[in-house]
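This report refers to the structure that appears directly beneath it.
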Amino acid sequence: MKRPEMRVAGSARAMPRRGLVEGPDFEFFQRRYFTPAEVAQHNVPEDLWVSYLGSVYDLTPLARKYKGDLLLKPIIEVAGQDISHWFDAKTGDIRKHVDPLTGTLRYRTPRGHFLHVPPQLPRSDWANDFGKPWWQGVRYEVGRLSAKTRNIRIINTLTSQEHTLEVGAEESMWEILHRYLPYNAHAASYTWKYEGKKLNMDFTLEENGIRDEGEDFDYLNMDSALYTPAILLYFNDDLTEL
């Protein structure tokens, strides 16, 4: 039989989760989707992201490894941008063309040669011991690029604070909650509702019945910014259960 103080200790360990909605551990939570605006913020060699073919890549380690190399310049020039036009969507490889000088199939690099692209002609000083080219594989992939974004208002009914977030249409409510954490570190201690209905946090906005009516507004020649759906947050005060 356990001693009474052990049972009390067990209750104490459970206390920190009182009032929290059941969900992922945000200490280890990783987002799946990023908006183009978020990618655009990472636009310097010390923090270099790009997107292509629907995915987002953090090339900061690559830029750090080849710092000062002229072959890094074309990549730095497109930091924070989508470079899908560099790639063949079918193969996932850099686009190719027939080189007019050699008549052979070569990578198409209109911005100039960049890292891991073989030179047009054989050269003794070109090192090819880097393994796979940087654009092959998922070693630099950090997530998916949101194909469509929308704005949503989040209103804290306890403090009356309101914030508008740009989110990916594919994101679950958990991911949106994670986006909101910088504005409210206790967001997981609230119940999220829309038009009085509790939201399923595993669902997207659309799956929760929060339609994106932007196209309807455009059809009517109305500014969609005039109406942004609002999610209301209700604090889970469970002190009466103590």
Side-chain angles (χ1 to χ4, degrees), residues 23-97 99 105-149 165-172 174-183 185:
D25 186 342
F26 285 105
E27 184 177 351
F28 305 100
F29 185 79
Q30 292 185 335
R31 293 231 317 273
R32 298 176 300 161
Y33 293 96
F34 296 91
T35 67
E38 287 179 301
V39 177
Q41 294 173 3
H42 304 270
N43 57 8
V44 293
E46 297 76 23
D47 182 20
L48 198 166
W49 287 22
V50 297
S51 62
Y52 56 89
L53 303 181
S55 292
V56 177
Y57 298 85
D58 180 0
L59 300 185
T60 307
L62 184 77
R64 188 183 303 119
K65 180 178 180 180
Y66 292 95
K67 184 177 181 180
D69 193 322
L70 287 176
L71 293 179
L72 186 64
K73 185 173 180 289
I75 299 175
I76 293 177
E77 290 176 344
V78 296
Q81 301 177 35
D82 185 82
I83 55 173
S84 295
H85 58 284
W86 286 18
F87 297 87
D88 184 323
K90 293 182 179 179
T91 65
D93 201 4
I94 302 293
R95 291 180 182 273
K96 296 180 179 180
H97 71 127
D99 188 284
L105 199 61
R106 295 290 183 182
Y107 285 122
R108 183 177 178 273
T109 55
R111 299 187 72 98
H113 260 57
F114 51 82
L115 291 171
H116 301 173
V117 172
Q120 291 184 346
L121 299 173
R123 292 178 54 172
S124 60
D125 61 346
W126 187 69
N128 60 355
D129 57 352
F130 48 77
K132 283 187 176 181
W134 61 264
W135 60 86
Q136 294 182 2
V138 296
R139 54 184 158 165
Y140 297 118
E141 186 174 352
V142 293
R144 299 286 296 169
L145 183 70
S146 294
K148 185 178 182 180
T149 64
L165 303 182
E166 181 187 24
V167 303
E170 312 94 334
E171 296 181 19
S172 70
W174 289 125
E175 291 170 293
I176 294 175
L177 188 155
H178 185 268
R179 284 183 178 279
Y180 178 66
L181 286 176
Y183 305 101

Next on the checklist: Would the distance check show the side chain of W134 and the main-chain N or O of L115 forming a donor-acceptor pair, the cut-off being under 3.5 Å?
Outcome noted: yes
Hey, is [atom1] on [X] packed in by over 12 heavy atoms from elsewhere, all under 6.0 Å?
X: F29; atom1: CZ; answer: yes
X: L70; atom1: CG; answer: no
X: R32; atom1: CZ; answer: yes

Distance (rounded to the nearest 0.5 Å) between [X] [atom1] and [Y] [atom2]:
X: L48; Y: N43; atom1: CG; atom2: CG; result: 8.5 Å
X: I83; Y: I94; atom1: CD1; atom2: CD1; result: 7.0 Å
X: L62; Y: Y140; atom1: CG; atom2: OH; result: 4.5 Å
X: L53; Y: L145; atom1: CG; atom2: CG; result: 10.5 Å
X: E170; Y: T149; atom1: CD; atom2: OG1; result: 9.0 Å
X: R64; Y: D47; atom1: CZ; atom2: CG; result: 10.0 Å

Any side-chain heavy atom of [X] sitting closer than 4.5 Å to one from [Y]?
X: V78; Y: R111; value: yes
X: D93; Y: Q136; value: yes
X: V39; Y: D82; value: no
X: W49; Y: L59; value: no

Looking at every heavy atom in both [X] and [Y], which two are closest together, and how far apart are they?
X: P74; Y: G112; result: CG-O, 3.9 Å
X: G80; Y: V50; result: N-CG1, 4.4 Å
X: E171; Y: S146; result: OE2-OG, 4.2 Å
X: L165; Y: I176; result: CD1-O, 4.3 Å
X: H42; Y: E38; result: CD2-O, 3.0 Å
X: R95; Y: D88; result: CG-N, 3.8 Å

Next on the checklist: Checking ring-ring contact (aromatic ring centres under 6.0 Å, His included) between W135 and each of Y107, W86, Y57, which is the one that passes?
Outcome noted: Y107
Item to check | Between Y66 and H116: side-chain donor-acceptor atoms closer than 3.5 Å | outcome: yes
Checklist entry - Quick one: do R179 and E175 make a salt bridge, cutoff under 4.0 Å? => result no
